[in-house]
Trainee: 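Structure incoming, see below.
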2 protein chains.
Amino acid sequence: MKETTRQKLIDATFEEVYSHGYQGAALADILKNAGVHKGSMYHYFGSKKEMALVAIQERISTRNFEKYSKILALESGYLRALLTAMKDTKQRDFKRGCPIANIAQEMSNLDEDFNKTMKLLYEEFRRYIKNILDKAVEAKEMQACDTKKMALFITAALEGAILSAKATGNAQDYIDSVEILEEYLRAFSNN
Amino acid sequence: MKETTRQKLIDATFEEVYSHGYQGAALADILKNAGVHKGSMYHYFGSKKEMALVAIQERISTRNFEKYSKILALESGYLRALLTAMKDTKQRDFKRGCPIANIAQEMSNLDEDFNKTMKLLYEEFRRYIKNILDKAVEAKEMQACDTKKMALFITAALEGAILSAKATGNAQDYIDSVEILEEYLRAFSNN
DNA sequence: ATGCTACTTGACCAAATAGTCAAGTAGCAA
DNA sequence: TTGCTACTTGACTATTTGGTCAAGTAGCAT
């Protein structure tokens with residue numbers, strides 16, 4: 001299946017923004033990596049910013065969906081699956097960190113459109129976690145609790161753990177942090 | 001006491017970098033806000049990057065020292081003082097977030113010198129927390145535990161909580177996250 | 001007063017930036 | 001075949017970027 005020009009742009013934009021931040025993302029490099037000319041890009045998108053927002057939105061939403069909707073679709077073992085997903089370091093890029101956190105942190109206070117987009121993506125992430133916790137409570141795998149607040153804490157701890165590993169260059173920091181988070185969550189577990 | 005040219009530059013640089021990130025920090029704006037001319041700046045610093053690194057280093061180290069060394073200097077009540085400091089939202093700027101996290105996240109994977117500097121500052125922050133926990137254990141306010149790992153988890157959870165508030169624009173997210181962190185820590189407390 | 005050093009001034013520069021546009025081409029519908 | 005639309009090409013522009021530098025000034029030691 002052939003990749004369209006638009007898709008090539010979205011992929012190259014996401015990579016560039018993920019690696020260098022939005023402000024550090026050079027349009028020239030995006031175009032070079034996509035193999036697309038400038039005028040062509042401006043046919044599909046009105047500006048660098050618009051293209052970046054579309055790329056971020058699409059790519060992160062897809063990733064969240066792929067990662068968490070399959071847990072929600074389980075018949076049981078929600079909490080265990082969530083913990084397994086959290087502890088799976090194979091898919092994580094500790095050099096670059098979490099795309100949501102990166103861009104939210106860079107842009108939330110600088111641009112209203114980025115602010116809105118990243119707020120939605122952050123809340124989407126948090127909602128996935130809350131829904132998984134709700135399923136776990138419903139399935140009696142876990143004590144009833146304030147799942148909204150719990151989901152907030154889990155996402156915060158996860159983002160913080162990823163940042164620790166990025167800041168120190170040590171993936172073990174992520175593993176250690178998540179281990180404590182796991183202990184904390186297991187105290188609510190019925191197994 | 002008169003503010004020297006060098007100090008004016010450091011202060012303006014820190015503010016600009018804190019607000020806009022390093023890549024988004026415009027030298028022209030720093031100079032305008034400092035009221036210093038370009039050639040004068042290049043008398044004190046070799047480059048924008050060098051000046052930014054000095055500003056970040058100095059300002060963040062000072063802030064960490066002011067905030068945590070007075071807790072370490074207490075005779076007792078270490079854990080309580082730490083929790084109080086964590087819950088004190090008056091001094092926090094949730095719009096801009098945490099300077100360490102901001103710059104570490106933006107620059108750690110882009111520049112080796114930033115990487116080194118932010119790693120040191122991050123570790124310094126974590127060491128303050130560990131030392132406070134050690135004092136608390138020593139004073140029997142708290143059960144013996146792996147304070148290094150605990151400090152890692154606390155810093156991660158705090159950074160994540162600040163990011164949550166920044167991403168959603170809701171300071172309550174920080175408060176709620178820290179409340180759970182507090183509950184977790186109180187389980188280790190002897191009071 | 002002289003001379004030295006530390007500092008300041010602001011004009012200048014090359015490179016990179018996002019964005020524009022007129023001219024082209026490919027492919028499809030009539 | 002004609003003509004229309006969707007898309008591509010790449011040269012061009014205005015602005016901003018960090019950085020340079022020669023000329024100047026203030027203040028202090030001799």
Side-chain angles (χ1 to χ4, degrees), chain A residues 1-58 102-103 106-107 109-115 117, chain B residues 1-58 102-103 106-107 109-115 117:
Chain A
M1 165 184 164
K2 121 170 192 296
E3 205 182 15
T4 67
T5 300
R6 192 190 130 95
Q7 195 57 45
K8 277 192 247 173
L9 284 168
I10 285 182
D11 290 343
T13 300
F14 180 79
E15 279 305 307
E16 176 73 9
V17 171
Y18 182 25
S19 293
H20 296 86
Y22 173 71
Q23 300 182 106
L27 204 44
D29 291 346
I30 294 173
L31 296 171
K32 199 180 58 195
N33 290 332
V36 170
H37 290 268
K38 190 170 271 193
S40 206
M41 176 229 134
Y42 277 99
H43 173 76
Y44 291 97
F45 301 101
S47 64
K48 173 194 172 190
K49 178 174 143 183
E50 184 193 316
M51 180 167 71
L53 285 171
V54 169
I56 291 162
Q57 175 87 256
E58 279 194 25
N102 289 357
I103 302 160
E106 179 190 2
M107 299 302 296
N109 61 325
L110 294 182
D111 182 281
E112 192 47 43
D113 298 314
F114 272 94
N115 186 24
T117 300
Chain B
M1 165 182 165
K2 118 171 192 295
E3 205 184 15
T4 67
T5 300
R6 192 190 131 97
Q7 195 57 45
K8 278 192 247 173
L9 284 168
I10 285 181
D11 290 343
T13 299
F14 180 79
E15 280 305 307
E16 176 73 9
V17 171
Y18 183 24
S19 294
H20 296 87
Y22 174 71
Q23 300 181 107
L27 203 45
D29 290 345
I30 293 173
L31 296 171
K32 200 180 58 194
N33 290 332
V36 170
H37 289 268
K38 190 170 272 192
S40 205
M41 176 228 135
Y42 277 99
H43 173 75
Y44 291 97
F45 301 101
S47 63
K48 173 195 173 190
K49 177 175 143 182
E50 184 194 318
M51 180 168 71
L53 285 170
V54 169
I56 291 161
Q57 174 87 256
E58 279 194 26
N102 288 358
I103 301 160
E106 180 191 1
M107 298 303 296
N109 61 323
L110 293 182
D111 183 280
E112 192 46 44
D113 297 314
F114 272 94
N115 185 24
T117 301

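First the proteins, then the strands, lettered A, B, ... as listed; each starts at 1.
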Trainee: Under a 3.5 Å threshold, yes or no: a donor from one side chain and an acceptor from the other, between A:Gln7 and A:Asp11?
Mentor: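 A donor-acceptor contact under 3.5 Å links the two side chains.
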
Trainee: Do you know which two heavy atoms are closest between A:Leu9 and A:Met41, and how far apart they sit?
Mentor: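 So the minimum-distance heavy-atom pair works out to CD1-CA, 3.8 Å.
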
Trainee: Looking at A:Glu16 and A:Gly21, would you say the former's side chain and the latter's main chain have a donor-acceptor pair under 3.5 Å?
Mentor: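 Judged by distance alone, no pair lies under 3.5 Å.
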
Trainee: Would you say that B:Ile30 contacts B:Phe14 through its side chain, given a criterion of any heavy-atom pair below 4.5 Å between the two side chains?
Mentor: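 Result no, sub-4.5 Å side-chain heavy-atom pair not found.
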
Trainee: Under the 6.0 Å and 45° cation-pi test, does B:Lys48 pair with B:Tyr22?
Mentor: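 Yes, a cation-pi geometry holds between B:Lys48 and B:Tyr22.
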
Trainee: Taking only residues at least two apart or on different chains, which pairs with a member in residues 17-28 of chain A satisfy salt bridge (charged side-chain N to carboxylate O under 4.0 Å, His left out)?
Mentor: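 Passing the test, one end in residues 17-28 of chain A: no pairs.
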
Trainee: If you look only at pairs with a residue in residues 24-34 of chain A, which of them pass as a salt bridge (charged side-chain N to carboxylate O under 4.0 Å, His left out), with sequence neighbours excluded?
Mentor: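 Passing the test, one end in residues 24-34 of chain A: A:Asp29-A:Lys32.
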
Trainee: What range of DNA chain D does chain A touch, first nucleotide to last, counting atoms under 4.0 Å from its heavy atoms?
Mentor: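 Answer, 5' to 3': D:dC7 to D:dG10.
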
Trainee: Partners of B:Glu58 by salt bridge (charged side-chain N to carboxylate O under 4.0 Å, His left out), sequence neighbours excluded?
Mentor: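 For B:Glu58, the residues satisfying salt bridge (charged side-chain N to carboxylate O under 4.0 Å, His left out) (neighbours in sequence not counted) are B:Arg6.
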
Trainee: Using side-chain heavy atoms (C-beta onward) and a distance below 4.5 Å, is A:Ile56 in contact with A:Tyr18?
Mentor: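 No, too far: nothing below the 4.5 Å cut-off.
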
Trainee: I need the residues from residues 10-34 of chain A with at least one non-hydrogen atom less than 4.0 Å from DNA chain C; give them sorted by number, or say none.
Mentor: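 Output list: A:Ala25, A:Ala26, A:Leu27.
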
Trainee: Compare every heavy atom of A:Ala55 with every heavy atom of A:Ile10, then report the nearest pair and how far apart it is.
Mentor: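 In terms of heavy atoms, the two residues are closest at O-CB, 3.6 Å.
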
Trainee: Under 4.0 Å, heavy atom to any atom of DNA chain C: which of residues 38-46 of chain A qualify?
Mentor: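 A:Lys38, A:Gly39, A:Tyr42 - these, ordered by number, are the residues of the stretch whose heavy atoms sit under 4.0 Å from the strand.
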
